[in-house]
Each structure stands twice: as C-alpha cells, then as structure tokens.
Amino acid sequence: MIAGAGIGGLTTALSLHQAGFRDITVYDRATALRPLGVGINLLPHAVRELSELGLRDRVERLGVAPGSLAYYNRHGQQIWREPRGLDAGYRWPQLSVHRGRFQMELLAAVRERLGAAAVRTGHRLVGVRNGVARFETAAGEVGVTADLVVGADGIHSALRRQHQPGEGAPVWNGLTLWRGTARAPGFLDGRTMIMAGDAEQKFVAYPIGPDLINVVAERRGPGFAGPNADWNRAVDPAPVIRLFEKWRFAWLDVPDLLRAADEILEYPMVDRDPIDSWTHANTTLLGDAAHPMYPNGSNGASQAILDARTLAFHLATASTVRQALDAYEADRRPATTALVLSNRRQGPEQVMVLAHERAPDGFAHIHDVIPPEELTEIATGYKKAAGFLPSALNERASLTPTVFTGILP
C-alpha cells in the first residue's frame, strides 16, 4: 500500500509492478488528481530509471531537454557554464517538464499497467497500527491491511509524524519563492537553464515547451511566505516584479518575463532535518516524506524516483520485507541526508554566493574572483553527492531486477 499519488508514489507503484508484485494500491488524499504545479527538472539519473520503466519517450514528449546550465551574478555576468544531459556525455538526457503533466503521465501509466482501481482518491492517511493503515474518507474512517505501507505523502507526511511526533513544522530558511510559467520566446540558445543572483535574491528560468518558460523568483526577508503558507497560493505579481525591476540583462529582461507569467504562486523554501530511521515495523518513507530538501540543484523529484526504484529492487531481491527495507535505507538514507545538508549550503549554486561575496559589484573576469579549479570542484562535488556524475551513472548497475529471489506474492 502506497500513501501518496505524487511522483514518488506513482513511480513506486510502477517499479513494484515491473518487479513482479501485483497486489499494489495507491491512496491519495485529493478527491481528484489534477496537473498542479510548475516546471521541474528530471536529471539524467532519474531519466535512466524512467527509461528502464519504458517511459522515456512519453516523458520526452512533455518537455525540453536542456543542453546547458549557466550561473550568472545579478548584473548578468556569467560565472559558470556547463553542458547537461546528452551534451555532457550522459547516456540519458536531462528533461525539463511541467510537474503536473508529468504526474498525469505517471498516473496514466499506473492505470494502464495496474488497472483503474490501483489508484484511489479521497483517502487521507491518519496513521498505521499493527499493519493496518487508517484513512479518513468522506464516508468515515476506513482501515486497509497491507504487508508493506510506503509513506510517499509529502513534506507533511502523516506516517512520518506518527514516528516523529515532536518534529513540528518544516524548517523555513527565510527565503520565499515565486514560481510560474510564462508564454515567451526563448533566450540565449533556447536550450539553456539559467540561474542568476546570490544567497539573498535569485532568478531561475528554463524552457519546458515551445515558447513556454518556467520562471522562479526568490528573495530573503520578512513579510513574505512563512512555513505555514499555502503551497499553491496565487499572489499579485506586481510586488515580485518590483523586486527585480533592475534585472535587465543584454540577453534577458527579467521583469518582462515575470510579467508574461499566467500566474505567480508563492512558496516558502523549507525542508526538514534528516532523521535516523525511515522504517518502523512494516512501514517506510519515500521522497519528500523521507528527505524534503531545498530545491538547490533541481534534485527533489529525481531523488524520489531513485527512492522508488531502489525500494522495488530490494523488495524483489531480499528474503524478507525487513531485509529489503534495511537495504533500501542503507542505500538511500545516507545519500539523501548528505544532499539535504549540501542543499542548505546552496549546493552547486554556491558559485553564485561566492561570486557575490568576493565581487558584489561585478568582475572583469570570473577567474579573477573564483579560480577555475574551485568552480569545477563545486560542480563535480555536487554531481558526485547526488549520484549523477556522468562516468559513475553510465557504468552503474541497473536497478531493474533480473533475478527474483525475494518476497513475491
């Protein structure tokens, strides 16, 4: 039983089905699943897993494969640029897609492969006791017995709260994000993801379709969203645009791009402290329920997909559920803990922080400010920590089980 029909939960269902399991049901609190959200990036390690699930062509049709990532200061001067996806030597692309459309594609695949009844809406997980998951529904509380309960129910996970009752609200770092999608012509070469700014204020933009650009504006300061903000609240774009009124580069007019957005949604930048265990009895956590992280490095959705594939692999190849869950945690919890902490230090976006600290008024040449070796080490170190260093990813063994020694029903 999987609680949560987001990216992590749906990928878990598809991965378990591929691994030979058949009695799988996904429950979601929403009464109807809709294509909510804005743009996300699926990095090559996630696209590899989607490819092994037979979904690559379907997902590629949803968005754009960026060829490069470039960081700039708030004056529009380039700090660092690197190839991405196939252009960087990966065997799989990076894909920039609309989150909601991607979720709907995963949902369609689950219903095709597992049946229409495999996803049940209108069920809000309350908790799990003695192998019985309790849900609130419109008809009252119901219980569902399962051999394994996977909590993929997001940053406000009920299953996590059951075992971390004193944890409280997510941790807000004082930054607010405003996100949207804009109908506008492409910039630079049309295949570049850009990040501009520093630790106090930042702007991100990348294409997710023909003349469709995902935009993210970010600012530190009081008076904006706090940790209890509505995560899908549309706000007046005018104050946000004013914050970026002077950000007009030769290659991009930031305020004009923000004005082109259909709507601006406000989000607090929050995460949670890593915890010592995701697994209790026959339950475990996955995705944002296990390791919510700041979006530095564009890695949240990709890590949830890796969780799902790793969990299914161990369930198919271990002798008992407990052995599988222990192996899953051993593979994923240390890696994601390191990533959560790295993202708190800005992850690969640290290059923008250093450029601002060392040359707040700009520079004649970036290597006068940050040596090339330091720039390379920051970029390479993050790829290594996040599991998508090109050579390591291309050579890593598959997470698709070929020998089933485990707990098949």
Side-chain angles (χ1 to χ4, degrees), residues 1-28 42-56 58-59 92 102-103 105-115 118-119 133 146-153 157 159 278-291 300-336 387-388 393 396-409:
M1 192 221 83
I2 301 163
I7 291 169
L10 294 171
T11 306
T12 302
L14 291 167
S15 299
L16 288 169
H17 182 267
Q18 183 191 58
F21 295 89
R22 292 296 176 265
D23 190 4
I24 307 161
T25 308
V26 184
Y27 295 84
D28 197 272
L42 301 171
L43 300 183
H45 53 352
V47 177
R48 173 180 181 174
E49 302 310 324
L50 295 170
S51 300
E52 296 198 23
L53 284 169
L55 297 172
R56 176 169 165 177
R58 294 171 69 158
V59 179
W92 303 272
F102 175 52
Q103 181 188 10
E105 197 67 46
L106 292 176
L107 177 63
V110 169
R111 286 173 169 162
E112 290 163 13
R113 299 178 188 184
L114 281 70
V119 179
D147 296 315
L148 174 63
V149 178
V150 179
D153 49 342
S157 168
L159 187 56
W278 299 345
T279 299
H280 298 271
N282 70 327
T283 72
T284 197
L285 301 173
L286 184 147
D288 280 351
H291 48 75
S302 296
Q303 293 300 318
I305 290 168
L306 288 175
D307 289 349
R309 298 285 291 158
T310 304
L311 176 61
F313 175 85
H314 287 302
L315 286 168
T317 56
S319 299
T320 67
V321 171
R322 187 67 211 197
Q323 287 178 5
L325 297 183
D326 287 346
Y328 162 64
E329 274 209 45
D331 279 353
R332 296 298 300 147
R333 190 164 54 78
T336 55
F388 68 108
L393 177 61
R396 172 175 64 72
S398 172
L399 290 174
T400 300
T402 56
V403 177
F404 301 94
T405 61
I407 322 144
L408 292 177

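Just so you know, these numbers use all the heavy atoms, side chains as well, and skip hydrogens, waters and symmetry mates. Residues take their numbers from the sequence shown, with the count starting at 1.
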Report yes if the side chains of [X] and [Y] come closer than 4.5 Å at any heavy-atom pair, otherwise no.
X      : Y      : result
Leu43  : Trp92  : no
Thr11  : Leu53  : yes
Leu106 : Leu55  : yes
Phe102 : Leu42  : yes
Leu10  : Ile2   : no
Leu311 : Ser15  : no
Val59  : Val47  : no
Tyr328 : Leu315 : no

Side-chain donor/acceptor of [X] to backbone N/O of [Y], under 3.5 Å:
X      : Y      : value
Asp28  : Ala3   : no
Asn282 : Asp147 : yes
His17  : Leu114 : no
Ser157 : Asp153 : no
Thr25  : Met1   : no

- Query: With sequence neighbours left out, what residues match Thr12 under side-chain hydrogen bond (donor to acceptor under 3.5 Å, both in side chains)?
  - Reply: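 Here no residue qualifies.
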- With sequence neighbours excluded, what pairs up with Arg48 under the side-chain hydrogen bond (donor to acceptor under 3.5 Å, both in side chains) test? Glu52
- Task: Could you pull out all residues at least two apart from Tyr27 that satisfy ring-ring contact (aromatic ring centres under 6.0 Å, His included)?
- Result: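 Listed in chain order: His123, Phe135.
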Any side-chain donor paired with an acceptor under 3.5 Å for [X] and [Y]?
X      : Y      : result
Arg332 : Gln303 : yes
Asp326 : His314 : no
Arg309 : Thr400 : yes

Shortest non-hydrogen separation from [X] to [Y] and the atoms involved:
X      : Y      : value
Gly151 : Ala289 : O-CB, 3.4 Å
His280 : Thr283 : O-OG1, 2.7 Å
Ala281 : Leu325 : O-CD1, 4.1 Å
Ala5   : Val119 : CB-CG1, 4.3 Å
Ala304 : Gly287 : CB-CA, 3.9 Å

Distance (rounded to the nearest 0.5 Å) between [X] [atom1] and [Y] [atom2]:
X      : Y      : atom1 : atom2 : answer
Thr310 : Asp331 : OG1   : CG    : 6.0 Å
Leu393 : Phe388 : CG    : CZ    : 9.5 Å
Gln18  : Leu14  : CD    : CG    : 9.0 Å
Asp307 : Leu285 : CG    : CG    : 10.0 Å

- Task: Please find out if less than 6.0 Å separates the ring center of His291 from that of Trp278.
- Result: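 Here the rings of Trp278 and His291 have centres that are less than 6.0 Å from each other.
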- Query: Below 4.0 angstrom, N of the basic side chain to O of the carboxylate: do Arg322 and Glu329 qualify?
  - Reply: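 Here Arg322 does not pair with Glu329 in a salt bridge, since their nearest N and O are not under 4.0 Å apart.
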- Item | Ionic contact status for Arg56 with Glu105, cut-off 4.0 Å | no
- Residue pair Thr336, Leu306: steps toward the side chain to side chain contact (heavy atoms under 4.5 Å, CB included) verdict: CA-CA 10 Å; Thr336 55; Leu306 288 175; over 6 Å; no
- Task: Dump the intermediate steps for salt bridge (charged side-chain N to carboxylate O under 4.0 Å, His left out) on Glu112 and Arg58, then the final yes or no.
- Result: CA-CA 13 Å; Glu112 290 163 13; Arg58 294 171 69 158; 3.0 Å; yes
